[in-house]
Amino acid sequence: VIVDASFEHESADEIADDPKTKQKVKRKSVSIKELKLAFRGLGTVTAAIELRDFDVKNKAIARLAREVPPLIRMLGEQVQIAGLRVVFEDKAMMRAIVDAKAKEIGKGELQARGFFVRELQKDATATRSAVGSNKFDSDFFRPMMTYFEQYDKRAGFTLTLAPANPIE
């Protein structure tokens, strides 16, 4: 699989009110204007992400903190998502993924689709418990589940998140 990738971002310092201390604090914001992965002949994934409270750790400190996942070690512990948009344009990727899963489990295409939908349902339940909201179901998991169920009739899906307050 040949993948063409492009990445455009912008970072800035901004002054904001800290909700805990009620004082002005300086924080970083990072805007990933476009992260695009084009899988030749299969499809394209394009993402735009707004991050706040972006606290970059230097590599020496990150290496010492082995108890946290690698991405958190690199980015910092105070990363919040202020906005997200992911667009998936499918040409043949879902067909290839579902066919590969069908071969792996030794079942047909419908059973493979069902496998992915059940996995997404488990993720939705875990997220609902962690976040305490059903909003993720309609914004994230439902479009992906619907796409797995009907990928042969659709050309992709879009996931959008614009929370009133940033999400950790």
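These numbers come from a predicted model, not from an experiment. The residues of the chain are indexed from 1 along the displayed sequence.
At least one side-chain heavy atom of M144 sits less than 4.5 Å from a side-chain heavy atom of F141. Side-chain contact check for Y151 versus R113: some heavy-atom pair is nearer than 4.5 Å. Contact of the L159 side chain with the L84 side chain is not registered, since no non-hydrogen atoms from C-beta on lie closer than 4.5 Å.
Each of V87 and L35 belongs to its own hydrophobic cluster when Ile, Leu, Val, Met, Phe, Trp and Tyr are linked at side-chain heavy-atom distances under 4.5 angstrom. The cluster map of Ile, Leu, Val, Met, Phe, Trp and Tyr, joined by side-chain heavy atoms under 4.5 Å apart, puts V3 and V86 in the same cluster. Hydrophobic clustering of Ile, Leu, Val, Met, Phe, Trp and Tyr side chains at less than 4.5 Å, counting indirect connections, keeps I105 apart from I97.
How far CE of M94 is from CD of Q150: 14.0 Å, rounded to the nearest 0.5 Å. Atom CG in L37 sits 11.0 Å away from atom CZ in F7 (nearest 0.5 Å). If you take OG on S31 and CG on L51, they are separated by 8.5 Å, rounding to the nearest 0.5 Å. Interatomic distance, CG of L110 versus CD of E149, reported as 11.0 Å (0.5 Å rounding). Note that the OG1 atom of T160 and the CZ atom of R85 stand 4.5 Å from one another [nearest 0.5 Å]. Separation of atoms CZ (F148) and NZ (K101) is listed at 10.0 Å; rounding is to 0.5 Å.
Of all the heavy atoms in M145 and V117, the pair that sits closest is O-CG2, 4.0 Å. Residues L42 and D90 approach most closely at O-OD1, 3.3 Å, considering heavy atoms. Closest non-hydrogen pair, A102 versus A112, comes out as N-CB, 3.7 Å. Between M93 and G43, the closest heavy-atom pair is CE-N, 4.4 Å. Closest non-hydrogen pair, V1 versus F39, comes out as CG1-CD2, 3.9 Å.
Ring orientation note: the planes of F157 and F88 are tilted relative to one another, at an angle of 30° to 60°.
Salt-bridge annotation for R95 and E109: present, with a side-chain N of the basic residue lying under 4.0 Å from a carboxylate O of the acidic one.
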